[in-house]
Amino acid sequence: MRAQFVLSETWIGLRRNLTMTIAVITTVAISLALFGGGLLINQQVSQMRTYWDERVSLTIYMCTDKSPSKACEENGAATEEERTSIQQDLEALPEVQNVEYVTAKEAWEDFQDRFANNKALVEAAQEGDIPDNFRVQLADPTQYDKVQKTVEGRPGIDSISDDQQVLEQFFSLLDGLKWAALVVAFVQLAAAALLIGNTIRLSAYSRRRETGIMRLVGASNFYIQLPFLLEGAVAGLVGGIFASGFIVAAKFFLLDKIQAWFNFDITLTAGSVLSVIGVSLILGVLLCTVTSFLTLRRYLRV
Amino acid sequence: MRVDLDIPGCDPLYTVDWPRGRYCPERTECPLGPNLREPCDAPVIHFENVTKVYPTQKRPALEDVSIDVGKGEFVFLVGPSGSGKSTFLRLVLKEEKPSRGRVHVAGKDLARLSNWKVPHLRRRIGCVFQDFRLLPNKNVFENVAFALEVIGKPRRFIRKVVPEVVELVGLEGKADRMPDELSGGEQQRVAIARAFVNRPQILLADEPTGNIDPATSIGIMKVLDRINRTGTTVVMATHDAAIVDSMRKRVIELEEGEVVRDQTRGVYGQAY
């Protein structure tokens with residue numbers, strides 16, 4: 001009897017304020033989706049960081065006949081001696097873990113493999129566009145500068161590129177996205193809280209007859225307030241469920257696409273997506289219930 | 001009058017100042033269980049030098065009021081508007097706190113009653129108002145049952161008790177009518193049934209005949225009298241001189257927040 005009564009009152013409240021309920025659900029869904037999206041990006045970035053920290057390398061491009069840079073024009077294509085001496089010097093450095101020499105042909109084949117799913121890119125490139133190069137694996141990625149200085153300016157070297165620099169740009173883009181998502185999420189959450197407060201207030205007002213009588217005949221405060229709290233909780237939960245849908249969609253259609261494009265073999269596990277969804281759902285329900293409770297304390301005198 | 005009470009099995013000797021109660025030596029069991037804190041017919045409502053000043057007003061709504069209402073009494077509370085009748089009723093319900101003085105209701109010191117226990121106090125008090133306060137979308141049965149539903153009574157109990165009370169107030173055969181299909185007098189009977197269905201110790205009625213014509217009012221008074229005869233204390237605030245005169249019950253008159261008259265078998269008074 002108790003449960004049935006409370007649930008039917010909750011349902012009546014939600015239905016009577018249908019437009020407000022929809023507004024609450026929408027705001028909660030959007031804010032939680034952004035919040036969850038921020039968390040997802042955060043996890044993605046930190047996973048990629050650890051992944052790349054292990055693999056970060058310098059690429060030293062050697063001069064070819066076609067190299068347009070000044071250094072190469074003066075000395076012409078790199079000679080065999082220049083190549084070996086550079087390799088020996090690099091291998092002597094304690095900061096260097098591994099040096100690999102990649103010929104133009106290998107580089108081109110590798111490129112074709114990597115971007116096999118991007119035909120236009122593969123067709124536009126030709127063998128020799130990527131010159132012979134050294135891939136230098138660093139033992140400690142922070143020692144990049146020191147390694148670069150030892151070989152910089154040596155004859156036969158066209159240019160040195162640092163993977164980490166490229167990655168950092170990408171990471172800062174993702175970081176920016178994350179913060180934008182979180183800021184918008186919190187603004188939206190605040191708006192959601194205000195909306196919920198208002199909805200519950202309206203609901204309490206439209207049922208003031210019932211609650212007045214309940215109070216008079218000695219219904220407990222908990223019993224009077226429970227339908228309103230559940231009303232908030234249900235709205236929060238439904239909003240959270242929609243947000244979970246958005247989060248899953250964002251994972252499959254956005255993050256996975258980005259990964260496919262950049263050809264990273266790190267994807268977020270189902271577990272981490274689930275944990276983000278869990279956090280969002282709990283946050284949604286808590287936010288709505290607590291706001292309802294605070295509103296009731298002001299507007300439903302018991 | 002001071003009364004010593006020593007009933008076997010109850011709390012040991014308990015003495016109270018007891019201006020209006022009667023000691024009943026024939027009583028041998030503890031009327032309120034083994035932890036009896038009061039004599040068997042201690043006042044159910046006890047006001048001791050109660051003053052109530054509302055924050056926005058200078059003049060007190062009640063000033064130094066001491067009233068005792070015994071178990072099973074029928075009391076009229078009379079006086080012009082603003083004389084403090086409603087404040088008295090609100091203090092009994094603990095909707096307001098007295099500025100000074102003590103209020104005891106049903107053996108409880110309201111100042112020491114924590115807020116979360118107030119609902120339990122209100123379950124022992126029934127309330128009837130001038131404007132009936134029925135739920136328009138519920139029929140007679142549902143309106144009365146609502147009072148039991150919201151305090152968590154089981155469905156079987158409700159099905160058994162509600163028809164009895166509906167009959168007691170004289171609405172047999174009308175249990176499935178909606179409030180707007182009933183006359184004012186009948187609506188007030190529903191409100192009384194709702195107030196009484198949980199068998200409260202006290203029934204407070206704030207101008208229950210205020211919206212009802214004199215002929216119908218007599219019927220309402222008969223219902224209240226019937227309820228009073230079951231042992232329920234009835235406190236009724238009213239302006240209706242004819243009713244007060246015809247009932248010949250105790251009359252407490254308030255004026256500007258003070259008790260100016262307290263008669264055991266009184267009339268409304270010549271002044272009005």
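A quick note: this is a predicted structure, and the numbers were derived from the prediction, not measured. Chain letters run A, B, ... following the sequence lines, proteins first, then strands; residues in each count from 1.
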Should we say atom [atom1] of [X] is surrounded by more than 12 heavy atoms from elsewhere, each under 6.0 Å from it?
| X | atom1 | result |
| --- | --- | --- |
| A:Arg16 | CZ | yes |
| A:Phe242 | CZ | no |
| A:Tyr205 | OH | no |

request  = Heavy atoms only: give me the nearest A:Ala219-B:Pro119 pair and the separation to one decimal.
outcome  =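 What the structure gives for the nearest pair is O-CB, 3.6 Å.
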First locate atom [atom1] of [X], then atom [atom2] of [Y], and finally report the distance between them rounded to the nearest 0.5 Å.
| X | Y | atom1 | atom2 | answer |
| --- | --- | --- | --- | --- |
| A:Leu216 | B:Arg133 | CG | CZ | 6.5 Å |
| B:Glu149 | A:Met214 | CD | CE | 9.5 Å |
| A:Glu210 | B:Lys138 | CD | NZ | 7.0 Å |
| B:Arg155 | A:Phe5 | CZ | CZ | 12.0 Å |
| A:Arg215 | B:Leu93 | CZ | CG | 8.5 Å |

task = Give a yes or no on whether the backbone of B:Leu134 and the side-chain of A:Arg209 come within a donor-acceptor separation of less than 3.5 Å.
result =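 Between the backbone of B:Leu134 and the side chain of A:Arg209 there is a qualifying donor-acceptor contact (under 3.5 Å).
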Chain A heavy atoms under 4.5 Å from [X]: which part of the residue, side chain, backbone, both or neither?
| X | answer |
| --- | --- |
| B:Pro200 | neither |
| B:Leu148 | neither |
| B:Ile125 | backbone |

Top contributor to chain A interface from B:Asn115, B:Val118, B:Val150 [non-hydrogen pairs under 4.5 Å] =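 Among B:Asn115, B:Val118, B:Val150, the one with the most close pairs to chain A is B:Val150.
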Minimum side-chain heavy-atom gap B:Asn198-A:Val217 below 4.5 Å =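 Result no, sub-4.5 Å side-chain heavy-atom pair not found.
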Contacts of type salt bridge (charged side-chain N to carboxylate O under 4.0 Å, His left out), residue A:Lys178, not counting sequence neighbours =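 By the salt bridge (charged side-chain N to carboxylate O under 4.0 Å, His left out) rule, A:Lys178 matches A:Asp175.
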